[in-house]
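Here's the structure we're looking at; comments come further down.
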Amino acid sequence: QEQLVESGGGLVQAGGSLTLSCAASGRTFSSSAMGWFRQASGKEREFVAGISWSGVSTNYADSVKGRFTISRDNAKNTVYLQMNSLKPEDTAVYYCAAFLSRGDYVPVERVEYDYWGQGTRVTISS
């Protein structure tokens with residue numbers, strides 16, 4: 001069974017940067033598309049970014065395009081989310097998720113993902 005553990009959250013001023021990491025244990029990481037979602041207080045969990053198992057395909061929410069970059073290192077069973085030019089509206093708990101598929105499809109819907117981490121909190125001060 002896949003286990004996902006996020007890290008790297010914290011408090012940053014607007015305009016700053018953070019890199020989130022998601023370490024996966026289990027045998028299926030290298031054949032899983034991975035996604036980052038976030039959930040702000042009182043709001044629904046929303047898609048942020050996703051990457052195919054090979055890293056060839058990526059997908060981003062419009063709100064983060066040009067500011068966030070998703071990447072993965074299959075040798076380390078880790079997926080990253082580099083976040084630049086952070087805004088107060090990026091404040092949320094960030095979750096990583098795994099979609100068990102070796103294709104290039106990168107889901108954007110929460111219900112399509114098979115495993116979830118516990119989340120890491122990101123707070124952006126203005």
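Residue numbers run from 1 in the order of the sequence given.
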Check the side chains of Ser125 and Gln13 for a donor-acceptor pair under 3.5 angstrom, ignoring hydrogens and angles. no
Looking only at non-hydrogen atoms, find the nearest pair between [X] and [Y] and report the distance.
{"X": "Ser85", "Y": "Ser17", "result": "N-OG, 4.4 Å"}
{"X": "Ser32", "Y": "Leu100", "result": "OG-CD2, 3.1 Å"}
{"X": "Leu81", "Y": "Ala49", "result": "CD1-CB, 4.1 Å"}
{"X": "Gly103", "Y": "Ser52", "result": "O-CB, 4.0 Å"}
{"X": "Val64", "Y": "Val48", "result": "CG2-O, 3.5 Å"}
{"X": "Val79", "Y": "Ser71", "result": "CG2-O, 3.1 Å"}

Would you confirm whether [X], through its side chain, and [Y], through its main-chain N or O, come within 3.5 Å as a donor-acceptor pair?
{"X": "Tyr60", "Y": "Ile70", "answer": "yes"}
{"X": "Glu6", "Y": "Gly119", "answer": "yes"}
{"X": "Thr78", "Y": "Ala23", "answer": "no"}

Check for me whether Arg72 meets the cation-pi criterion with Phe29, that is, NZ or CZ under 6.0 Å from the six-membered ring centre and within 45 degrees of the ring axis. yes
Look up atom [atom1] in [X] and atom [atom2] in [Y], then write down how far apart they are to the nearest 0.5 Å.
{"X": "Tyr105", "Y": "Asn59", "atom1": "OH", "atom2": "CG", "result": "9.0 Å"}
{"X": "Glu109", "Y": "Phe47", "atom1": "CD", "atom2": "CZ", "result": "9.5 Å"}
{"X": "Ser31", "Y": "Trp53", "atom1": "OG", "atom2": "CH2", "result": "8.5 Å"}
{"X": "Gln118", "Y": "Leu4", "atom1": "CD", "atom2": "CG", "result": "9.5 Å"}
{"X": "Arg110", "Y": "Glu44", "atom1": "CZ", "atom2": "CD", "result": "7.0 Å"}
{"X": "Ser25", "Y": "Asn77", "atom1": "OG", "atom2": "CG", "result": "8.0 Å"}

Short N-O contact, Asp62 and Lys65, less than 4.0 angstrom: yes
Would Val12 and Met83 count as a side chain to side chain contact (heavy atoms under 4.5 Å, CB included) if you check the C-alpha gap in whole Å, the side-chain angles of each, and the deciding distance to 0.1 Å? CA-CA 11 Å; Val12 178; Met83 305 186 295; over 6 Å; no
When Trp116, Tyr95, Tyr94, Phe99 are each screened for ring-ring contact (aromatic ring centres under 6.0 Å, His included) with Phe37, the one that passes is Trp116
For Glu46, look at atom CD and say whether over 12 heavy atoms of other residues, nucleotides or ligands are found less than 6.0 Å away. yes
Step through it carefully: locate the ring centre of Phe68, locate the ring centre of Trp36, and say whether they are under 6.0 Å apart. no
Using the rule given for side chain to side chain contact (heavy atoms under 4.5 Å, CB included), can you reason through Arg38 versus Ser63, listing the C-alpha separation, both sets of side-chain angles and the distance that settles it, and then say yes or no? CA-CA 12 Å; Arg38 66 187 181 187; Ser63 59; 3.5 Å; yes
Determine, using the 4.5 Å side-chain heavy-atom cutoff (strictly less than), whether Leu11 and Leu18 are members of one ILVMFWY cluster. no
